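I have placed the structure first, in the form of structure tokens, so that the comments after it can refer back to it.
Atoms considered below: every heavy atom in the structure, side chains included; atoms not considered: hydrogens, waters and symmetry mates. Because the structure is predicted, anything quoted here is derived from the model rather than measured.
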Amino acid sequence: MVDRLAHLPSVASIAVTALFTGVGSWLDGGQPGAVLGVFMVFGAVLASAMVRPVGLWIAVPAPPLLYVGLVVAVSALKGKSTGELAILVAPPVVRAFPHLAVAVGAGLVVAAVRVGGAWWRGRSSSTRRGGAVA
């Protein structure tokens, strides 16, 4: 059922994940918390479910990269130097690691279900039990 709805281009799936990550970070006040985790996992699951099959390899590992990009962008917009960016980026990324791992794991589960379901439906008829003649 999901593959019938999965027509989202890869770039659009990244945008979906980025939108949910940004909103979650904003609602959490810039610090990683439960709201960010929920939004990040939901965005990763939604993007993995709606992307074209070829885009799964882009959508699944996107949450950590997008979160690091978000933290760097926010720090850079505050006028921090390059040396300060490394110091300012590391703590939020380390604190968000559990959320990032769960988001990637949830995306992997959705990808496995989609790929496994396509494989299951694509088996040849000779391997099915109902059509075998004894």
Side-chain angles (χ1 to χ4, degrees):
M1 176 72 181
V2 172
D3 278 342
R4 293 184 203 152
L5 303 172
H7 297 294
L8 198 64
S10 301
V11 174
S13 73
I14 297 299
V16 167
T17 307
L19 177 73
F20 278 95
T21 301
V23 169
S25 179
W26 176 69
L27 289 174
D28 251 353
Q31 295 298 322
V35 175
L36 172 68
V38 168
F39 271 78
M40 197 176 297
V41 169
F42 185 72
V45 167
L46 185 65
S48 296
M50 299 305 289
V51 72
R52 295 176 183 155
V54 72
L56 284 170
W57 312 114
I58 294 172
V60 170
L65 301 173
L66 290 171
Y67 185 69
V68 168
L70 176 74
V71 172
V72 168
V74 168
S75 297
L77 287 175
K78 290 181 180 178
K80 303 298 180 185
S81 69
T82 308
E84 290 175 316
L85 283 179
I87 296 169
L88 292 173
V89 168
V93 172
V94 169
R95 283 193 300 265
F97 178 77
H99 308 306
L100 298 171
V102 170
V104 171
L108 278 172
V109 168
V110 171
V113 167
R114 287 185 60 196
V115 170
W119 172 81
W120 187 258
R121 287 188 304 276
R123 296 179 302 141
S124 69
S125 60
S126 64
T127 60
R128 294 191 184 143
R129 291 183 178 252
V133 177

What closest approach, in Å, do [X] and [Y] show between heavy atoms, and which atom pair accounts for it?
X	Y	answer
A103	A44	O-CB, 3.6 Å
A34	D28	N-OD2, 3.7 Å
G107	V60	O-CG2, 3.6 Å

Close side-chain approach of [X] to [Y], heavy-atom, < 4.5 Å:
X	Y	answer
R114	V109	no
P9	R52	yes
I58	V51	no
P92	Y67	yes

Let me check something: do [X] and [Y] share a hydrophobic cluster, defined by ILVMFWY side-chain heavy atoms less than 4.5 Å apart, either directly or through other members?
X	Y	answer
V71	M40	yes
F42	W26	yes
L100	V74	yes
L19	L8	yes
V89	L70	yes

Self-check item: H99 side chain vs V38 backbone, donor-acceptor pair below 3.5 Å
Solution: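 No, the answer is negative, given that no donor and acceptor are paired below the 3.5 Å cut-off.
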*Just one of V110, T17, L108, V104 clears the side-chain contact (heavy atoms from CB on, under 4.5 Å) bar with S48, so which one?*
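Output: one option passes, namely V110.
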Please assess V45 against M50 for the test side-chain contact (heavy atoms from CB on, under 4.5 Å), listing each intermediate value before the final yes or no. CA-CA 9 Å; V45 167; M50 299 305 289; over 6 Å; no
#### Entry: Distance (rounded to the nearest 0.5 Å) between S25 OG and L36 CG
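Reported value, rounded in 0.5 Å steps: 6.0 Å.
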Can you tell me how far apart OG1 (T21) and CZ (F39) are? Round to the nearest 0.5 Å.
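Atom-to-atom, T21:OG1 and F39:CZ are 10.5 Å apart.
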